[in-house]
Amino acid sequence: MSIVMAGVSLLTYGLVFVTPGDPAYTILHERRGSPPSDAEVAAFRAEHGLDEPFVSQYLSWLSGVLRGDLGTSYFRSESVSTLLLQYLPNTLELAVAAMIVSLALAVPVGVVSAVHRDTWIDRTSQIAALLGVSMPNFWLGYLLILVVSLQLGLTPTSGSGTLSHLVLPAITLGTGLAAIVTRLVRTSMLEVLEAEYVDTARSKGVRERLVVYKHALRNALIPVVTIVGLQFGFVLSGAVVVEVVFQRPGLGTLLVDAVFARDYPVVQGVVLVTAVAFVITNQLVDLAYVALDPRIERGERA
Amino acid sequence: MRLDVSDLHVRFRTRSGAVHAVNGASFAVDSGEIVGLVGESGCGKSVTARSIVRLEDPGEITGGSIEFGGTDLTGADDRTLRRLRGRELAMVFQDPETTLNPTYTVGEQIAEALRVRRDPDDQPFLRELFAGVRSRVGSKRTRKRVLELLGEVGIPRPEDRIDDYPHQFSGGMRQRVMLAIALARRPSLLIADEPTTALDTTTQAAILERLATLNDEYGMGLLLISHDLGVVSQLCDRIVVMYDGVVVESGPTRELLSSPAHPYTKALLGCLPGRSEPGETLPTVGGSPPDGSPPPAGCVFVDRCPFARKDCREDSQPTLNLEDGRTVRCDVSDAREADLETMRVATAADPIDGPGPDLNPGDRGRTAAVAVDGGVETDSPTDSTADPSGSAVDNPILELEGVTKSFRTTDALVDRLLGTAERLTAVDDVSLELRAGETLGLVGESGCGKSTLARVIAGLESPTAGTVRLDGEPVDDVDSRRDDQLADVGVVFQNPGTSLNPKRTVGESLAEPLLEAGWGERRRDERVEELLSLVELSPEYAGRYPRQLSGGQLQRVAIARALAVEPAVLVLDEPTAALDVSVQATVLNLLERLQRQLDLAYLFVSHDLEVVRHVADRVATMYLGRLLEVGPASQVLSEPAHPYTAALLEAIPDSEATAGGAGLAGEPPSPTDPPSGCAFHPRCPMADDDCATVEPTWETVGDASSRCHYADERADEHDEN
């Protein structure tokens, strides 16, 4: 895990370093409203350590990170950690809500679809899933704003803070994932429903509903969990778009602003936090695995 | 309660049309009776069994009735079915690897059955889900009952095992858990679909004994479905024989086996290896097995019946009632009265295998000669066909000297670096030799290391210690073997369905080893054709895919592939274990013929002692990676000088033996921690203190040698008898 994090930090720092565009020039231009002089640019560089070689820049940044200091924004003259702490909860809230929406939608639909294989229920849900996969996030977001917020006036169009602010972004972000997971649950369920132990359960006289939800679903979820964990990255990147659409303050908006402003410490901070979130999710997935599949805990081969 | 199946029809709708699996099966099981339902794969016996508990989906019952205790199950609603399944009708399926839910403890799975039995109509959704999540049997009363059940089916130390998951049990133990689930319902009828097919002979014997006891104690009726006449005859009061979805004969076990009336029953009994002299060509059933096409107007067996008359094809055969409560579906009196001997003569006249081309023996010899030399006619190895007992016989073609193979049990990095990982010794100090034209049978329970040994010989694993010599030269694994050494050993695996690449045609599969050996395209094509004719398949099979072939045909292809580059040794790893008896007979005959013709040496790995007795010249018994006894088949399998061999022999379900022997107690110990002294002593009926401490050395008994302190005493015992 620490190896992954080290790699991620090096890569993000390196990528930012090689991107074209000079932060000193861009930032000073912005501040003054006119092109800065060479002397001013040089002074800015010296102040922020931008004239040092890459390795020493990276190392000093890294040692800062290890001490919990992510640097200071070039722009807002606030520390990156403060910015992250300010914006992260909003994004986490959105990501978790989106995950809940997608799972709450995908698991029952996937199961019902598999149980009623090749009927109109199955076909409808398959088409819905296809639509969900192919519909771009931002478009669905605007559509929801148009219908739910503007026409029906049920939710606010933008901002954050209350539950009603969260509903539309979570739905927008959740549906894309839900579509993928639905198909996954369906395929996995179809396979498990063929398994002999499902027939064993039926032959015991267990009700069909329990056969499906107690005996089949738990086994079917095992492969699904892996993919859902990996899809968390998808949720985070989707959050960038959705936050912009709904004007929610969050990591997404923070990142987009920082990229345009060449505010490198912020970009690096956001990417690092995202990477950490990703690694943590995967650890959680492994734990979920152990909870679902007793064969893994004991480290034996199945 | 009585089960009455009458005129049952079950059909499967597939893309390529309807498959008629059951076409009017009728039979009954009285309460407390043990009835065996036998037939070869595809005869509809499993579908019939599943239909009884109404789990025939995706098949559909298209006609007939299944009456159980006065209720017609074909029209029963969900509620009635739940009640019956929960309380009266239990089913045990074939493969214990797949029939238990891997995510719940065995205790919970048994407890669930208990809860369902208590009240089939009330299964609170959330309570059950919660019970699943907890997966530890909570209620004291239920827990006690589960422990009782586990004890009843013979699981040692039930308190320690109740909260274990299925993967922590061996195959035999899992099947016992399945039995416990079935018994939890105190059913009046237990349907067991091939309950012991996936198990070792010794485990099988124990499970069958348990079934008999349960039938005795609770008066539980039993419908035992099996392809194995031995199993059925040991346990059953009555036998029902099915063929192509129809019951062709039924009757009391003893009468049916001693004087079978239907030609199919006769053919089936005839092709059991145990009924023929070793080495003799086995009688086979001509023609191809049924394929699920719509039933013919007349007799289902007509195409393969040596007594078939013209009207058999057109007229539906009546079910005749014979004396002793037997019924037979055959109207030809000659056929009914013919004894097994006449049947043999009649079938022997038929071509050995339906789909194969009609080659007479002379032709075969010639094709083989051409086949092997690939153009150049002299100096081919097959020339020794003329003189199988030539000089080459004296030098073993394959020698094993102190071969040991062990595996690390963990892949953890730290263990690997420190060398602290436990090692599992799969093969321990095995020395053997194999000569041209000879068959060595290697027997033992599953997990004893026979397959690992086969893999070491084939070069798929390299031995940890000891030497494998081919033609006197030491060899290691495949990477370091020379081309000619690679060509020397051919391998045939157990399951041809998985050992052939489904995406390649038969021809491509056969050509692959030739391509590796650098043969040109023309020569390859010729050789493929020769190989096919060698295994009695017509050349057009080269263009087919494995899924278009039957199990027997696939195994022929696998044998042909093993023969492609003219090996001197064939390693046959359970080559007939996945096949029906009639198909097994044709494959065994084929192997016999190929051995004579090509002077091959066979290492025949099998758990089936009857088959080994039939094919092997010498037999080696293996236990926990060690050889316990080696010697001529005729001696080892009739007067075993090691108690383990004796126990294996006793475990064979045999129509002649009325009562099963004591059987082997317990399961083989873990190979990571083998017992001290003689590895077999914890399970040995004659073990004493010496056996627990001193590892026995090889003792010579007659022509065999045995690793037992008391080998001589056993030999004396045999002499007295």
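In what follows, chains are A, B, ... by sequence order, proteins preceding strands, each numbered from 1.
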Problem set entry | Identified side-chain contact (heavy atoms from CB on, under 4.5 Å) partner of Lys204(A) from the options Gln109(B), Arg85(B), Arg117(B), Arg115(B) | Gln109(B)
For this session: Supply the atom-to-atom distance Asp95(B) CG to Glu196(A) CD, rounded to the nearest 0.5 angstrom.
Result: 7.0 Å
Exercise. Strictly by modelled atom types, are Glu128(B) and His215(A) linked by a side-chain donor-acceptor pair under 3.5 Å?
Worked result: no
For this session: Give the minimum heavy-atom separation between Val116(B) and Val206(A), together with the two atoms involved.
Result: CG2-CG2, 4.0 Å
Seminar exercise, completed: Answer key: most heavy-atom pairs under 4.5 Å with chain A among Gln94(B), Glu97(B), Glu112(B) is Glu112(B)
Exercise. Looking at Leu100(B), Val92(B), Val53(B), which has the largest count of heavy-atom pairs under 4.5 Å with chain A?
Worked result: Leu100(B)
For this session: Tell me, yes or no, whether the heavy-atom count around Glu191(A) atom CD, taken from other residues, nucleotides or ligands under 6.0 Å, exceeds 12.
Result: no
For this session: Please list all pairs passing the salt bridge (Lys or Arg N to Asp or Glu O under 4.0 Å) test where one or both residues lie in residues 109-134 of chain A, with sequence neighbours left out.
Result: Asp122(A)-Arg186(A)
Exercise. Nearest 0.5 Å, what's the OH-OG1 distance between Tyr197(A) and Thr103(B)?
Worked result: 6.5 Å
Seminar exercise, completed: If one checks every heavy atom of Leu292(A) against chain B at 4.5 Å, the contacting part turns out to be backbone
For this session: Could you tell me the separation between the CZ atom of Phe93(B) and the CG atom of Asp199(A), rounded to the nearest 0.5 Å?
Result: 5.0 Å
Exercise. Under the 3.5 angstrom rule, does the side chain of Arg207(A) hit a backbone N or O of Gln123(B) as a donor-acceptor pair?
Worked result: yes
Exercise. Where on Ala113(B) is there a heavy atom nearer than 4.5 Å to chain A: the side chain, the backbone, both, or neither?
Worked result: both
Exercise. Can you list the steps and then say if Asn101(B) with Asn219(A) is a side-chain contact (heavy atoms from CB on, under 4.5 Å)?
Worked result: CA-CA 8 Å; Asn101(B) 194 328; Asn219(A) 285 284; 2.8 Å; yes
Exercise. Near Arg127(B) CZ, under 6.0 Å, is it more than 12 heavy atoms from other residues, nucleotides or ligands?
Worked result: yes
Exercise. Who wins among Met91(B), Arg50(B), Arg87(B) for the most heavy-atom pairs under 4.5 Å with chain A?
Worked result: Arg50(B)
Exercise. What distance do Ser203(A) atom OG and Arg185(B) atom CZ have between them, rounded to the nearest 0.5 Å?
Worked result: 5.0 Å
Exercise. Is the NZ or CZ atom of Lys214(A) positioned over Tyr104(B)'s six-membered ring, under 6.0 angstrom from the centre and within 45° of the axis?
Worked result: yes
Problem set entry | Partner chain A: residue of Pro166(B), Ala184(B), Pro187(B), Pro102(B) with the largest heavy-atom pair count (under 4.5 Å) | Pro102(B)
Seminar exercise, completed: Honestly, the part of Pro96(B) sitting under 4.5 Å from a heavy atom of chain A is neither
Seminar exercise, completed: Distance col, row Leu81(B):CG vs Arg202(A):CZ, nearest 0.5 angstrom, shows 12.0 Å
Problem set entry | Reported CD-to-OG1 distance for the pair Glu194(A) and Thr98(B), which is rounded to 0.5 angstrom | 12.5 Å
For this session: Would you indicate whether the side-chain heavy atoms of Asp78(B) and Glu208(A) approach each other to under 4.5 Å?
Result: no
Seminar exercise, completed: Cut-off 4.5 Å, heavy atoms of chain A, and the answer for Leu84(B) is neither
